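Starting from 1, each residue takes its place in the sequence as its number. What you see below is based on every heavy atom in this structure, not just the backbone, and it leaves out hydrogens, waters and symmetry mates. Everything quoted here is computed from the prediction, not taken from an experiment.
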Amino acid sequence: MGFLSNKISRDDVKPGDHIYSWRQAYIYAHHGIYVGDGQVNHFTRGDGQETGTGTFLDNIIVSSSHNHGDNPCPNCGDRSNLGGVISSCLECFLAGGDLYVFEYSVSPAIFLAKPRGGVCTIASSDPPEEVIYRANFLLQNGFGVYNVFKNNCEDFAIYCKTGLLVANTDVGRSGQAASIVAAASVLLSSPLRFVAGFGGLAVAGYGMYCTSRLVSDIGMRWDVSKVPVERLVADVADKSEMEAKPEDMMTT
């Protein structure tokens with residue numbers, strides 16, 4: 001496995017694997033679950049609205065679904081405008097990128113040795129059959145509303161692998177989101193201004209970044225619990241129904 005990420009060949013991917021592929025010159029990675037027979041279940045907003053902010057970021061972080069233009073995939077068709085949990089062939093999921101596998105049950109030392117988030121976790125994976133069951137169940141029933149920080153493609157894949165949900169959803173399970181938050185915290189941290197010298201500043205800042213990433217990892221957090229996929233879907237449906245009621249009352 002590599003230092004920054006974990007590249008594998010297509011021949012080595014196995015059903016139940018959490019896989020990912022880098023997008024936009026390694027700015028971010030798109031994640032999914034390989035369910036076998038060349039198919040990947042993954043979670044996306046689609047239609048070029050990956051962040052859902054309505055800002056210039058939507059032009060930088062583009063749709064996770066591959067847009068074939070006038071030549072749709074013979075297996076998948078054109079799914080670039082689809083949102084939610086979708087199934088694509090492996091080639092469409094990779095969108096011309098390389099294939100990487102997300103590592104589970106890594107030691108804290110290995111976790112911290114990989115300075116980029118979203119490539120591994122301390123948490124352990126459930127057996128492949130459970131992972132595939134969750135991924136297919138969510139393909140049929142959905143995974144809630146996409147949110148780049150709280151509920152994204154990496155969150156989907158990690159839930160499928162572990163069944164773990166975070167009670168506090170300011171930031172979800174995603175290592176990529178945790179890395180962004182950690183980096184922002186370092187940049188805005190006033191105590192670092194008092195560290196003498198550039199070298200000391202760099203060391204202190206990197207230490208804060210690593211510590212923040214570690215405590216945010218799904219395998220280290222205290223506010224997580226194992227949630228059956230059926231209950232997750234029921235809870236999402238109940239929440240959507242409650243949110244829709246005020247609108248219904250306003251129209252009556």
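- D223 places no side-chain N or O within 3.5 Å of a backbone atom of V166 that could act as its donor or acceptor partner.
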Checking side-chain contact (heavy atoms from CB on, under 4.5 Å) for the pair N151/Y146: CA distance, chi angles, key distance, verdict?
-> CA-CA 5 Å; N151 201 45; Y146 188 101; 5.9 Å; no
Verify side-chain contact (heavy atoms from CB on, under 4.5 Å) between W22 and Y100, making sure each step is shown before the conclusion.
-> CA-CA 9 Å; W22 294 105; Y100 299 82; 3.4 Å; yes
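- A cation-pi arrangement is absent between K161 and F102 under the rule of less than 6.0 angstrom and at most 45 degrees off the ring axis.
- Note on L112: it does not cluster hydrophobically with V215, by side-chain heavy-atom contacts below 4.5 Å among ILVMFWY residues.
- We find the CD1-OG distance between I122 and S107 to be 7.5 Å, quoted to the nearest 0.5 Å.
- Counting all heavy atoms, side chain and backbone alike, R10 lies closest to L99 at CA-CD2, 3.9 Å.
- Residues V148 and V145 are members of separate hydrophobic clusters, defined by side-chain heavy-atom contacts under 4.5 angstrom among Ile, Leu, Val, Met, Phe, Trp and Tyr.
- Taking CG from L164 and OG from S124, the interatomic distance works out to 8.0 Å, rounded to the nearest 0.5 Å.
- Between the CZ atom of F137 and the SG atom of C160 there is a distance of 11.5 Å, given to the nearest 0.5 Å.
- What you find for A157 and G32 is that their closest heavy atoms are CB-O, 4.2 Å.
- Summarising the geometry, atom CD belonging to Q39 is positioned 9.0 Å from atom SG belonging to C92; distances are rounded to the nearest 0.5 Å.
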Before giving the answer on side-chain contact (heavy atoms from CB on, under 4.5 Å), spell out for V40 and V35 the whole-Å C-alpha distance, their side-chain angles and the decisive distance to 0.1 Å.
-> CA-CA 6 Å; V40 184; V35 295; over 6 Å; no
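- Pairs passing the salt bridge (Lys or Arg N to Asp or Glu O under 4.0 Å) check and including a residue from residues 130-140, sequence neighbours excluded, read D126-R134, E130-R134.
- One N or O on the side chain of S21 and one on the backbone of D98 form a donor-acceptor pair closer than 3.5 Å.
- Here the OH-CD1 distance, from Y104 to I218, works out to 9.0 Å after rounding to the nearest 0.5 Å.
- Linking Ile, Leu, Val, Met, Phe, Trp and Tyr whenever their side-chain heavy atoms come within less than 4.5 Å puts V233 and F143 in one cluster.
- Taking S225 as the reference, nothing meets the side chain to side chain donor-acceptor pair (under 3.5 Å) condition, with sequence neighbours excluded.
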I158 and T121: CA distance, side-chain angles, deciding distance, side-chain contact (heavy atoms from CB on, under 4.5 Å) verdict = CA-CA 9 Å; I158 289 175; T121 178; 5.6 Å; no
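- Ion pairing of D235 with R231 is present here, as a side-chain N (NZ or NE/NH1/NH2) and a carboxylate O approach within less than 4.0 Å.
- Rounding to the nearest 0.5 Å places SG of C120 at 7.5 Å from CG of D217.
- Taking the side chain as every heavy atom from C-beta outward, L165 and V224 never approach each other to under 4.5 Å.
- With Y159 as reference, L138 is the one residue of I33, V131, L138 to meet the side-chain contact (heavy atoms from CB on, under 4.5 Å) rule.
- Between Y34 and the choices V101, I132, I19, N41, the side-chain contact (heavy atoms from CB on, under 4.5 Å) rule is met once, by I19.
- Scanning both residues, C89 and C76, for their nearest heavy atoms gives N-SG, 3.0 Å.
- Qualifying side-chain contact (heavy atoms from CB on, under 4.5 Å) partners for D37, counting only residues two or more places apart in sequence or in other chains: none.
- H42 pairs with exactly one of F156, F93, Y20 by the ring-ring contact (aromatic ring centres under 6.0 Å, His included) rule, that one being F93.
- Here the rule is side-chain hydrogen bond (donor to acceptor under 3.5 Å, both in side chains) with H18, and of E154, E103, H31 only H31 fits it.
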